[in-house]
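All residue numbers in this chain count up from 1 along the given sequence.
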Amino acid sequence: MRRRLPPLNALRAFEAAGRLGRFTTAAEELLVTHGAVSRQVKLLEEALGTALFEGPRNRPRLTETGRRLLQVLTGAFDLIEQGVRAAAGRRDGSLQVSCYGTFTMHWLIPRLHRFQARQPDVDVRFSASEVPLDFARAHVDLAIRVGRPPWPDGVEATPFLTEYAGPVLSPRFATRLDITDAEDLRPLPRLHTATRLHAWRDWLRVHDLSWPDAESGTEFEHFYYLLEAAIAGLGVAIGPWPLVAGDVRAGRLWAPLGFHPSGLTYVVYLPRREASDAAAAFRDWLVEEGRRERMGSGPSALR
C-alpha cells in the first residue's frame, strides 16, 4: 500500500522546531536557514489543514495538535536513527568513542591492544571532546567523561575508574628541593590548565589547606601542554594519576607527596536505547581495566 505522508523535510523541520522550542535552534541543528524551517512548517500545516504552532513568531508555542504530533514524530525519528546506526555498525564494524584527548593518549591507547585482542573485528575510532554529550546529535557510540554524580539523565552511566591526583614536577627541577609536605610546594611556580582551572584549590581543600594565591601561576590551554611544561621544569602541576602514570614510572615526573582521591570519577556513557554490542563490549572492557588499575598498577603502587 502506498504511504500517504507529508514531505519528509517538513516533518523533520517541525519535529526539530517543536523539540527545541525555537526555529533558529532547529535551523542550526538541521544546517538550514531560519526561513527554510519556517517554510517547511507552514507547508506541513497546509498539508494537514491545521495549525501546529501559535503565539508570536519569536516565541512560538505548540498547539494541542502540535504536541500530539511532536510526540509521535520524535519517537519515530528515534527509532529510525536507532535502526540506521545499528545497520551502519554491523556494516563497517567501527566504534566511535568520544573522550578527552589527553586521557585517550595516556590511558586508553596504551591499553587498547587488550581490547583489540578480544574484539579484533571492531575498529575503534576516537574523537577528542570535553563538552557534555548529546547522543541524539553527536555521531558517537559511547563517551568517556570525568566528573561527580549525579550523572546525566537519558544515558546509561557506568563509573569505571576513581581518579587520584597529586603534585608532579620534573625530578631535575626537584633535586635542589626538600619537599616533605604541601607547604614546601608553596614557593614554587604553579602550573594550571584551562580545562581544570581549580585543580590546585581542589587539591588543597582535600588536605584542609587554603592558599589565597593558589590559582596564581602560568595557565596552559590544554592538559598535554601542562604536562610538557612540568616535565621541562617550568613548575609544579596537579596531575591526575591516569594522565601522569607513564611519566612518573619513566622518571620524567616526580610525585613527592603521592596521590590521593580527587573526588572525581571516570564514567562511560552509552545511549539507553541504541547501544551496539561493540559499545557494550568496550564498556565492559573499561570496567575490567579500571579494576586492573585498582589491583596493583595504580597510584598506591608507588607508595
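When side chains are defined from C-beta on, Y269 counts as touching R145, because their heavy atoms get closer than 4.5 Å. Side chains of R125 and V97 form no contact here, defined as non-hydrogen atoms less than 4.5 Å apart. Contact of the L257 side chain with the L185 side chain is registered, since non-hydrogen atoms from C-beta on lie closer than 4.5 Å. Residues R68 and T65 have side chains in contact (heavy-atom distance under 4.5 Å, counting atoms from C-beta outward). Contact of the W107 side chain with the P240 side chain is not registered, since no non-hydrogen atoms from C-beta on lie closer than 4.5 Å. Looking at R19 and L73, their side chains never come closer than 4.5 Å, going by heavy atoms from C-beta outward. Within the 4.5 Å cutoff, side-chain heavy atoms of P167 are placed close to those of I238. Put simply, the side chain of V124 does not reach to within 4.5 Å of the side chain of L108, judged on heavy atoms.
Taking both residues in full, the closest heavy atoms of L30 and A16 are given as CD1-CB, 4.0 Å, listed atom of the first, atom of the second, then distance. Residues R111 and E289 come closest through the heavy atom pair CD-OE1, 3.4 Å. Closest non-hydrogen pair, P242 versus L161, comes out as CG-CD2, 3.8 Å. A pairwise comparison of heavy atoms in A165 and S262 identifies CB-CB, 4.1 Å as the closest pair. What you find for A117 and P120 is that their closest heavy atoms are O-CD, 3.9 Å. Nearest heavy-atom pair across G263 and R148 is O-CG, 3.3 Å.
Contacts of Y266 classified as ring-ring contact (aromatic ring centres under 6.0 Å, His included), with partners at least two apart in sequence or in another chain: F103. Residues satisfying the ring-ring contact (aromatic ring centres under 6.0 Å, His included) test with W285, not counting sequence neighbours, are F115, F282. In this structure, the salt bridge (charged side-chain N to carboxylate O under 4.0 Å, His left out) partners of R118, at least two apart in sequence or on a different chain, are E288. For Q116, there are no side chain to side chain donor-acceptor pair (under 3.5 Å) partners at least two apart in sequence or on another chain.
Although no hydrogens or angles enter the test, the distance criterion places no donor-acceptor pair under 3.5 Å between the side chain of S38 and the main chain of H34. A side-chain donor-acceptor contact under 3.5 Å links W200 to the backbone of L191. A donor-acceptor pair under 3.5 Å is absent between the side-chain atoms of T193 and the main chain of R196, judged by distance alone. Q96 places no side-chain N or O within donor-acceptor distance of the main-chain N or O of V140, the cut-off being under 3.5 Å. No donor-acceptor pair closer than 3.5 Å links the side chain of D284 to the backbone N or O of V287.
Other residues, nucleotides and ligands contribute more than 12 heavy atoms inside 6.0 Å of the CZ atom of R283. Surrounding CG of D277 are at most 12 heavy atoms belonging to other residues, nucleotides or ligands under 6.0 Å away. The number of heavy atoms from other shown groups lying within 6.0 Å of CZ (R22) does not exceed 12. Within a 6.0 Å sphere centred on CZ of R172, other residues, nucleotides and ligands contribute 12 heavy atoms or fewer.
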Item to check | Worked check of side-chain contact (heavy atoms from CB on, under 4.5 Å) between W211 and E183 | outcome: CA-CA 10 Å; W211 298 346; E183 286 298 327; 3.2 Å; yes

Item to check | Test log, rule side-chain contact (heavy atoms from CB on, under 4.5 Å), inputs H106 and D247 | outcome: CA-CA 9 Å; H106 288 260; D247 292 315; 3.9 Å; yes

Checklist entry - Step by step, would you call E64 with R67 a salt bridge (charged side-chain N to carboxylate O under 4.0 Å, His left out)? => result CA-CA 5 Å; E64 181 60 32; R67 283 192 289 271; 2.8 Å; yes

Checklist entry - After noting the C-alpha distance and the side-chain angles of L177 and L188, does the key distance pass the side-chain contact (heavy atoms from CB on, under 4.5 Å) rule? => result CA-CA 10 Å; L177 304 173; L188 305 183; 3.8 Å; yes

Checklist entry - When you look at V244 and L227, which way does the side-chain contact (heavy atoms from CB on, under 4.5 Å) test go after all the steps? => result CA-CA 8 Å; V244 301; L227 295 183; 3.5 Å; yes

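Under the 4.5 Å side-chain heavy-atom criterion for grouping Ile, Leu, Val, Met, Phe, Trp and Tyr, L5 is not connected to L69 through any hydrophobic cluster.
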For residues 41-56, dump all side-chain donor-acceptor pairs below 3.5 Å to protein atoms at least two apart in sequence or in another chain.
unit_1: E45; atom_1: OE2; unit_2: L52; atom_2: N; d: 2.8
unit_1: E45; atom_1: OE2; unit_2: F53; atom_2: N; d: 3.3

Enumerate, atom names and distances included, each donor-acceptor pair closer than 3.5 Å involving a side-chain atom of residues 216-225, sequence neighbours excluded.
unit_1: S216; atom_1: OG; unit_2: R190; atom_2: NH2; d: 3.4
unit_1: S216; atom_1: OG; unit_2: D213; atom_2: O; d: 2.7

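In this structure, F126 CZ and L95 CG are separated by 8.5 Å, a value rounded to the nearest 0.5 Å.
Applying side chain to side chain contact (heavy atoms under 4.5 Å, CB included) to L169 and the options I231, V236, L253 leaves one that passes, V236.
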